[in-house]
Amino acid sequence: MNATLALAPTPSTLPLPRGRAVAFGRRPLVMAVLNLTPDSFSDGGRFSGTDEAVEAGLAAVAAGAELLDLGAESTRPGGGVYGAGAAEVAVDEELRRLLPVLEKLRGLTDLPISVDTRKAAVARAALELGADLINDVSALADPAMGELVARAGVPIVLMHSRGTLESMQLAPNFDDPVDEVADELAAIDQRALDAGIAPHQILLDPGIGFGKRLGDNLALLAGLDRLRALGRPLLVGASRKAFIGAITGAPAAERLPGSLAAVAWAATLGAAIVRVHDVAATRAFLDVWTAIGDHRPWT
Ligand code: HH2
């Protein structure tokens with residue numbers, strides 16, 4: 001028997017604004033993706049207006065989401081299966097897509113709301129409207145982001161990627177993806193600390209699909225427990241991504257089975273949060289995964 005497989009996340013809490021907190025337990029929390037974009041790879045252009053997007057957010061809550069992640073700029077990587085990659089969105093346009101939905105949802109749910117943005121100006125406006133945390137796939141590329149988040153005292157997800165969004169899938173190259181991503185995440189973590197962000201407000205993410213080949217993505221999912229040595233809660237976003245299509249041949253909308261396989265490994269190896277499109281299925285999957293795990297002593 002391989003006892004090392006049963007690695008629960010370290011129970012801890014993540015303080016949020018207004019005295020609230022997220023509690024991490026034995027299984028990863030489910031973060032629902034809400035893309036307010038016309039061009040996301042998996043579900044772009046789903047919502048024609050604010051009300052529809054708000055309804056989708058509430059449906060995710062009803063389906064068992066534990067956090068919502070609102071993104072108004074696609075981060076679809078360029079140079080690989082997605083062609084040219086997502087076009088950068090101006091601050092005004094990102095705010096125009098995001099703020100009305102955020103404002104309405106904030107009035108309707110107390111669930112933690114994360115905002116997926118690379119721009120400090122967008123993060124600032126979102127935090128003023130009641131967002132709880134920032135999800136920055138560029139890991140503080142905007143020089144104003146670190147100080148903003150440090151001053152606001154909110155959590156931030158910092159994701160690993162290499163190269164620019166426009167070209168990152170052109171020539172990804174790792175010798176040892178887990179070691180190299182761990183080293184680069186450690187450097188990102190240090191940059192966040194240098195910017196004044198409190199250690200307990202930092203979450204790290206291996207950035208599945210961002211500047212990585214198929215084997216790199218698989219190695220990172222299989223080696224996730226090694227990233228736990230960084231000492232931060234880990235977020236994993238593998239839902240519907242191209243590596244699943246590369247294995248199964250399924251188009252993005254039909255990648256749920258493969259997405260659940262990734263959730264299984266993320267859960268088993270100690271992820272704190274999984275970022276997913278299919279909330280109800282992921283909750284059901286994790287509820288059964290947890291029930292089975294409750295009958296096995298954690299090591
Ligand atoms: N992946 C995407 C977007 N944001 N954030 C984190 N922390 N981790 C991820 O893996 C991640 C992310 C890409 O997925 P999606 O939001 O579905 O597509 P798009 O960026 O095209 O909107």
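All values reported here derive from a predicted model rather than from experimental measurement. Numbering of ligands and ligand atoms starts at 1, following listing order.
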Distance-only check: which donor-acceptor pairs under 3.5 Å involve side-chain atoms of residues 89-99, not counting sequence neighbours?
| residue | atom | partner | partner atom | Å |
| --- | --- | --- | --- | --- |
| E93 | OE1 | R96 | NE | 2.9 |
| E93 | OE1 | R96 | NH2 | 3.4 |
| E93 | OE2 | R96 | NH2 | 2.8 |
| E93 | OE2 | R97 | NE | 3.0 |
| E94 | OE1 | K119 | NZ | 2.4 |
| E94 | OE2 | T117 | OG1 | 2.7 |
| R97 | NH1 | A72 | O | 2.8 |

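- Counting the atoms of ligand 1 from 1 in the order shown, those under 4.0 Å from a heavy atom of N35 are 15 (P), 16 (O), 17 (O), 18 (O), 22 (O).
- Atom CD of E147 has 12 or fewer heavy atoms from other residues, nucleotides or ligands within 6.0 Å.
- The residue from R240, H160, R275, M31 that puts a heavy atom closest to atom 16 (O) of ligand 1 is R275.
- Residues P155 and L16 approach most closely at CG-CD2, 3.8 Å, considering heavy atoms.
- The shortest N/O to N/O separation between T37 and ligand 1 does not fall below 3.5 Å.
- Under a 4.0 angstrom heavy-atom cut-off, K241 registers as being in contact with ligand 1.
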Acceptor/donor pairs from residues 201-210 side chains to any protein atom, 3.5 angstrom cut, sequence neighbours excluded:
| residue | atom | partner | partner atom | Å |
| --- | --- | --- | --- | --- |
| Q201 | NE2 | G153 | O | 2.6 |
| D205 | OD1 | G207 | N | 2.7 |

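- For atom 5 (N) of ligand 1, the nearest non-hydrogen atom from the set L203, V157, D69, N135 comes from N135.
- Both the backbone and the side chain of T75 come within 4.0 Å of ligand 1, judged by heavy-atom distances.
- Contact detail for G223 and V178: the closest heavy-atom pair is O-CG1, 3.8 Å.
- The closest side-chain donor-acceptor pair between N35 and T37, if any, does not fall under 3.5 angstrom.
- For ligand 1 and G237, the ligand atoms under 4.0 Å from any heavy atom of the residue are 10 (O).
- At a 4.0 Å heavy-atom cut-off, ligand 1 does not touch V236 at all.
- Backbone and side-chain nitrogen or oxygen atoms of G207 are examined, and none is located within less than 3.5 angstrom of a nitrogen or oxygen of ligand 1.
- Contact analysis leaves E73 out of contact with ligand 1, as no non-hydrogen atom separation drops below 4.0 angstrom.
- Between the CG atom in D69 and the CZ atom in R275 there is a gap of 4.5 Å [rounded to 0.5 Å].
- Taking the ring axis of F174 as reference, the NZ or CZ atom of R162 stays within 45° of it and closer than 6.0 Å to the ring centre.
- Of all the atoms in ligand 1, the ones that sit under 4.0 Å from a non-hydrogen atom of V137 are 4 (N), 5 (N), 12 (C).
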